[in-house]
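The structure under discussion appears below in the form of structure tokens.
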Amino acid sequence: MIEAFAAVEIIAAKRDSQVLSDAQINWVVDAYTRGVVADEQMSALAMAILLNGMNSHEISQWTHAMINSGERMNWKMLDRPTVDKHSTGGVGDKITLPLAPLVAACGGAVPQLSGRGLGHTGGTLDKMESIQGWRASLSNDEMLRVLQETGAVICAAGDSLAPADKKLYALRDVTATVEAIPLIASSIMSKKIAEGTSALVLDVKTGSGAFMSDPNKAGELARVMVQLGKDAGVITRALVTAMDVPLGLTVGNALEVAESVEVLSGGGPADVVELTLLLAREMIDAAGIKGKDPEVALMDGSAMDHWRRMVIAQGGDPDSALPVAKESHTVLSQSAGTITEMDAMKVGVSSWRLGAGRSKQGEKVQHGAGIKLHAKPGEVVKKGDPLFTLFTDESVRFERALEALDGAVIIIEGGTAQQLPLVIERII
Ligand code: URA
């Protein structure tokens, strides 16, 4: 086959800050997926994009080229509107777990294709796999059946969904090119558009525990993604939300499942409940659903009922005991006063070091590992009060996990909490 372009010319064009043509973009994404463009050439191009950027037309074309590298799913056969949520990831962010069955209980169909955790942020599939028997890999027919029967499905994206992104994301991860807005926006949106949802709400995290720590950059990313969604005919909205402090009181797979079940039972920490309800209302509104109010669905047991049906439909036992780590260690406060800050990144890294996360693709996670928080910013503690309980199956992990927590909490007598508001910006 005679190739339409030479990769080196496209790399040089972006190195020199030129605008790439549609034909160049389509070719380079396709040729990379076919293995004609080598990893080192795509790495150089990704770095040139990170340094010199792309205009909105280039980003849109790049996104479409990634969508066209695989299959595009379609849920037109369902009798209710599809609506999904995507979070850019954060520490203790278990919102998908209560949110998907909650929106299903309110009349939506939620086709939630999720990922596994890499680095300090957890992955939804790792959390769900804490539930005995639960299966992440479903065929398209199984996905449809679960969606039809329960209104929500949480499962792994198949290999045929945006394969160009799978290859490119793995490359970006090891070439310091993750943090480029054109590459992040096209990566996320290619998967969400290919997934076939008709409405989408993006939860773009900002703060120390997010990969976009600067709120202005997070806002820019959100605007680019909303535009990409709208251009592709998906009703898309975004909330930029706080990730300077961990969400809720648990970090780590099974611990987060337990907290999500508390929320579905009408309890749970206030910030998790608030964000779950905010996102549910945004999803329902975006999809034009006139169903039950989400707060009612949490309180009357219908969201819990959808959760149980969704877990059972994927082979899980919602009544089985969740894994508990073999070892625990509690960190006590060294002083008295108000907790003014709690660094989400430090807590995330500590939980990861306890075994809740993985450092390379394919590694096994410890489902019981993680951290329970006993207090959050704004709360007053006495000397000797518990701040965190760390859990792991291997006590040798405590030392490095405790090192990561060094300086994670600031306690000042008479101080006030320094934290971002839960919602920083709304983009519709
Ligand atoms: N999540 C994705 O799916 N892609 C990115 O580039 C970053 C976060």
Side-chain angles (χ1 to χ4, degrees), residues 29 32-33 42-43 45-51 53-54 58-60 62-67 69-70 73 84-91 93 95-96 111-127 136 154-195 197 200-207 209-214 217-229 232 234 236 238-241 243 344-345 348 352 357-358 361:
V29 172
Y32 179 58
T33 314
M42 195 47 128
S43 313
L45 181 57
M47 188 57 85
I49 292 170
L50 182 138
L51 296 173
M54 274 181 154
E58 288 174 291
I59 301 174
S60 168
W62 188 278
T63 306
H64 281 281
M66 297 224 286
I67 295 168
S69 71
M73 302 176 93
D84 195 8
K85 183 242 13 173
H86 178 84
S87 160
T88 56
V91 179
D93 183 1
I95 301 290
T96 294
Q112 173 64 236
L113 296 180
S114 299
R116 290 176 199 285
L118 189 64
H120 76 283
T121 62
T124 297
L125 301 182
D126 295 323
K127 295 173 198 183
I154 298 175
C155 64
D159 289 343
S160 50
L161 197 96
D165 177 63
K166 279 205 180 65
K167 219 175 150 187
L168 181 55
Y169 190 74
L171 187 72
R172 287 166 55 214
D173 204 32
V174 292
T175 55
T177 51
V178 169
E179 291 86 354
I181 286 182
L183 296 178
I184 299 170
S186 56
S187 165
I188 293 173
M189 293 307 291
S190 62
K191 288 174 286 204
K192 289 288 147 183
I193 297 166
E195 170 194 282
T197 185
L200 174 66
V201 175
L202 299 159
D203 181 6
V204 180
K205 300 284 186 202
T206 190
F211 68 87
M212 280 281 152
S213 51
D214 172 2
K217 283 258 178 228
E220 191 186 334
L221 172 65
R223 272 182 284 280
V224 172
M225 292 199 287
V226 167
Q227 198 54 49
L228 285 172
V234 180
T236 311
L239 297 181
V240 176
T241 70
M243 188 30 73
M345 174 63 101
W352 173 53
R358 54 174 69 77
Q361 306 268 3

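In listed order, ligands and their atoms are each counted from 1. Since we're looking at a predicted model, the values are computed, not measured.
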> Counting only heavy atoms not in Lys167, do more than 12 sit closer than 6.0 Å to its NZ atom?
Replying inline: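 Atom NZ in Lys167 is crowded, with more than 12 foreign heavy atoms closer than 6.0 Å.
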>> Give me the atom names and distance for the closest heavy-atom approach of Leu228 to Ser60.
In response: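 Result for this residue pair: CD2-CA, 3.5 Å.
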> Below 3.5 angstrom, do we get any N/O pair linking Ser187 and ligand 1?
Replying inline: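 In this structure, Ser187 places an N or O atom under 3.5 Å from an N or O of ligand 1.
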> So, is Lys191 polar-close to ligand 1, with some N/O to N/O distance under 3.5 Å?
Replying inline: yes
>> Applying salt bridge (Lys or Arg N to Asp or Glu O under 4.0 Å) to Lys192 and Glu195, what does each step give before you reach the verdict?
In response: CA-CA 5 Å; Lys192 289 288 147 183; Glu195 170 194 282; 3.1 Å; yes
>> Could you check whether any heavy atom of Ile188 sits closer than 4.0 Å to an atom of ligand 1, since that is the contact criterion I want to use?
In response: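 It does, in that a heavy atom of Ile188 comes within the 4.0 Å cut-off of ligand 1.
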> What do the steps show when you test Ser87 against Asp93 for side-chain hydrogen bond (donor to acceptor under 3.5 Å, both in side chains), and what is the final call?
Replying inline: CA-CA 8 Å; Ser87 160; Asp93 183 1; 2.7 Å; yes
>> Can you report which non-hydrogen protein atom sits closest to atom 7 (C) of ligand 1, along with the distance?
In response: Tyr169 CE1, 3.6 Å
